[in-house]
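The sequence lines fix the lettering, A, B, ..., with proteins before strands; numbering per chain opens at 1.
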Number of protein chains: 2
Amino acid sequence: MVKYQEVAKKIKQMIYQKQLSKGTQLDNIDGLINQYQVSRSTIVKALNCLERQGVIYQVQGSGIFVRERKKRGYLNFLQSHGFTVDLEDVYGSSTVFNVDIIKPSAKVKENLQCDDNEEVYFVKRLRYVEDKLYGLEQSYYRKKLICYLNKEIVENSIFSYIQENYNINIGFSDKYFQVIKLDAETANCLELQIDDPALSVEETFYTSSGEPFDFSTITYHYENAKFCIQNHSK
Amino acid sequence: MVKYQEVAKKIKQMIYQKQLSKGTQLDNIDGLINQYQVSRSTIVKALNCLERQGVIYQVQGSGIFVRERKKRGYLNFLQSHGFTVDLEDVYGSSTVFNVDIIKPSAKVKENLQCDDNEEVYFVKRLRYVEDKLYGLEQSYYRKKLICYLNKEIVENSIFSYIQENYNINIGFSDKYFQVIKLDAETANCLELQIDDPALSVEETFYTSSGEPFDFSTITYHYENAKFCIQNHSK
DNA sequence: GAGTGGTCTAGACCACAAC
DNA sequence: TTGTGGTCTAGACCACTCC
C-alpha cells in the first residue's frame, strides 16, 4: 500500500477509534505533515480520498472536520459489490442455487462483449446480510477470464477469489437500476408476493485494464434492503 | 475555474465532440502536457477527475482510454439534484403545489440541525424530466439560510437561485433510500395506484462549510425514473 | 528495454475564513 | 493580519505493460 493510502487509513482509524463526533476539527495540514512525516501533497491526497469516502469534509480557510457516519442498517450503495469495503464491515453470506457453464443470451453477450461461441459461468444465489434475505443475484462471468468456479467458491466472496487466483482487479463498473414489480418466480425466491416492489440493479464490472468480466442482476428485497450514499460535490 | 478543471473540461469536450467510441486510446500524459501547456501534476489531476466522472479509465503501463457513455434515458443518480451537471443535460421542469413557512417536524428538525423555534420553507412539487412525471419532491429549507423563496423561484432550479443569491455552495450530502409501496396520497400525485412500487430517497444537503440547509424526500415514479451510476474503484 | 501511468517531494503562491 | 486549505510547478523515481 502506498503512502497516501497508509496515511488515509491511519487518519480514518484514528477518527473511528476515538469516536470523534461530526463537526470535530482535526489537526491542520502542517500538523498532519509533522505527525506522519510525509510531504504536503501526500497529506492533501490522503485527505481528498477521505473526503470522497464521506469520512471528512474540508473547508478552505477554516479547517478539516469529521463528517457524520452512515447510519447503521444501510448498505453503502457504491461499494455493495466488490469495491473497497473496510472497517464497518457487515457479515454477508449466500445460498447458491447453481453454478453452470452456459451460452450467454444476447443481452449478457452484449454486456460482456463476448466473442461468438464464448461461454460464461452462470451463478444464481440468494444474498444475506446479517442473516436477513437481501436479494437474489444472477451473475455471468466470462469463462475466458474466470477459468474455474464451483459451489464452494461461490458461497464465499467471488471477487476476492478472482483477485487472489487470477490477479484480476476491479477497475470500474456501470450500474443501471430501477424499481419493478416482482414476477412470480423471483417473488418466490425472495419469499414475497407477486407484484410486490423491488429494486432491480444491473451492473457490468470491468477489470482495471478495461475488460468486462462480470454482468450481474440483483433484485433487492424491498423490506430488508436499504441503502446509503455519502456524496460530495468536489 | 482553475487550470485542472479547464483541462478536464476541454478533454471531455474533445471526447464528446469527436464522438470517440469506448476503448479509444487518448494521447499520453506527455502529449497532453504539450497540448495544454501545464505541468504533469495538473494533467494527472484533470485525468483523475474525468476518471471519477466515468469519462475515461487509465491503465498503468498502457494508456488512457475512453469509457462507455451512459445510456440515454437514465438519470445520473449521483448528480440528480444539485451536483455538477454539464454537457449531457436533460430538460427538467416542476409543478409547484405550495411554498410555505412552517415549524419543522421532529424528523426535519433533526436532519437540518435546527435550533428550537427555527422556521423552515416547505416546498412540495412534482418533477418532470423531458415532460415525463419523474417524482414527487418534498423539501425543507432553513429560513435562517435561505431567507426568501416564492413559487416562481421554485418552479426553476432552487439550487442555482441559492448559489447566485446567497453565495451558498453545496458541499456534500447524505442520501438514504429504499423501495416502498405507495400510500394513497402519493399515488394520487404520481398518477399511480395505491401499493404501486416506488423509490423513496431522503437526502440532506450541506453547504461547503458543513451546515445542513436542505432536507428533501423524493418519491420516484417506478415506470418513468431509471438511474445510472458509473462507478470506479480508485 | 522502451513506453506508459502512478507516486512523492519541496516549495511557491493563491483563495478564503476568522479575528 | 494571520491561519487555513487549494492549486500549481519541475523534477525524480516507481510500477506496470508490451514488444
Side-chain angles (χ1 to χ4, degrees), chain A residues 1-9 11 23-52 55-67 163 166-172 207-211 232-234, chain B residues 1-11 23-52 55-67 163 166-172 206-211 232-234:
Chain A
M1 198 181 279
V2 292
K3 276 192 189 178
Y4 78 87
Q5 289 172 327
E6 290 283 5
V7 172
K9 193 175 158 187
I11 294 174
T24 305
Q25 184 162 5
L26 298 187
D27 204 357
N28 67 19
I29 294 186
D30 284 337
L32 295 170
I33 291 171
N34 254 300
Q35 198 173 333
Y36 295 105
Q37 291 293 310
V38 295
S39 75
R40 184 183 168 88
S41 311
T42 302
I43 293 290
V44 167
K45 194 161 186 186
L47 292 174
N48 288 339
C49 284
L50 294 177
E51 194 165 39
R52 257 177 269 125
V55 178
I56 59 163
Y57 60 95
Q58 300 179 80
V59 185
Q60 191 172 68
S62 182
I64 305 157
F65 305 88
V66 176
R67 196 164 154 186
Q163 196 174 346
Y166 299 104
N167 205 28
I168 289 175
N169 287 293
I170 307 177
F172 51 92
T207 67
S208 51
S209 61
E211 218 172 357
H232 77 111
S233 63
K234 277 183 200 164
Chain B
M1 199 182 278
V2 291
K3 277 192 187 179
Y4 77 89
Q5 289 172 326
E6 289 283 5
V7 172
K9 192 175 159 187
K10 282 178 187 166
I11 293 173
T24 306
Q25 185 162 7
L26 298 188
D27 203 357
N28 66 21
I29 293 185
D30 284 338
L32 295 170
I33 290 171
N34 254 299
Q35 199 173 331
Y36 295 104
Q37 292 294 310
V38 295
S39 75
R40 184 183 168 89
S41 311
T42 302
I43 293 290
V44 168
K45 194 162 185 184
L47 293 173
N48 288 338
C49 284
L50 294 176
E51 195 165 40
R52 257 177 269 124
V55 178
I56 59 163
Y57 61 94
Q58 300 179 80
V59 185
Q60 189 170 69
S62 181
I64 305 157
F65 305 88
V66 175
R67 196 163 153 187
Q163 197 174 346
Y166 300 104
N167 205 28
I168 289 175
N169 287 293
I170 307 178
F172 51 92
Y206 298 77
T207 67
S208 51
S209 61
E211 219 172 356
H232 77 112
S233 64
K234 277 182 200 163

* According to the interplanar angle, ranging from 0 to 90°, do the rings of B/Tyr57 and B/Phe65 count as parallel (below 30°), tilted (30 to 60°) or perpendicular (above 60°)? ->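 Taking B/Phe65 first and then B/Tyr57, their aromatic rings lie parallel (interplane angle under 30°).
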
* Asked: In whole angstroms, how far is the C1' atom of C/dA12 from the CD1 atom of A/Ile33?
  ->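 From A/Ile33 CD1 to C/dA12 C1': 14 Å.
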
* **Distance in angstrom units between B/Ile168 CD1 and C/dA17 P, rounded** =>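 Spelled out: CD1 on B/Ile168 to P on C/dA17 is 12 Å.
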
* To do: Check whether any side-chain N or O of B/Thr42 sits under 3.5 Å from a backbone N or O of B/Tyr4 as a donor-acceptor pair, and report yes or no.
  =>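 No.
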
* B/Gln58 (side chain) donor-acceptor with B/Glu51 (main chain) under 3.5 angstrom ->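 No.
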
* To do: Would you check, one step at a time, whether the test side-chain contact (heavy atoms from CB on, under 4.5 Å) holds for A/Ile64 with A/Leu50?
  => CA-CA 11 Å; A/Ile64 305 157; A/Leu50 294 177; over 6 Å; no

* **Pair A/Asp27-A/Asn34, side-chain contact (heavy atoms from CB on, under 4.5 Å): steps then yes or no** => CA-CA 10 Å; A/Asp27 204 357; A/Asn34 254 300; over 6 Å; no

* Structure fact -> Under a 4.0 Å heavy-atom criterion, the protein footprint on nucleotides 3-10 of chain C, written with B, S and -, is BBBBBSBB

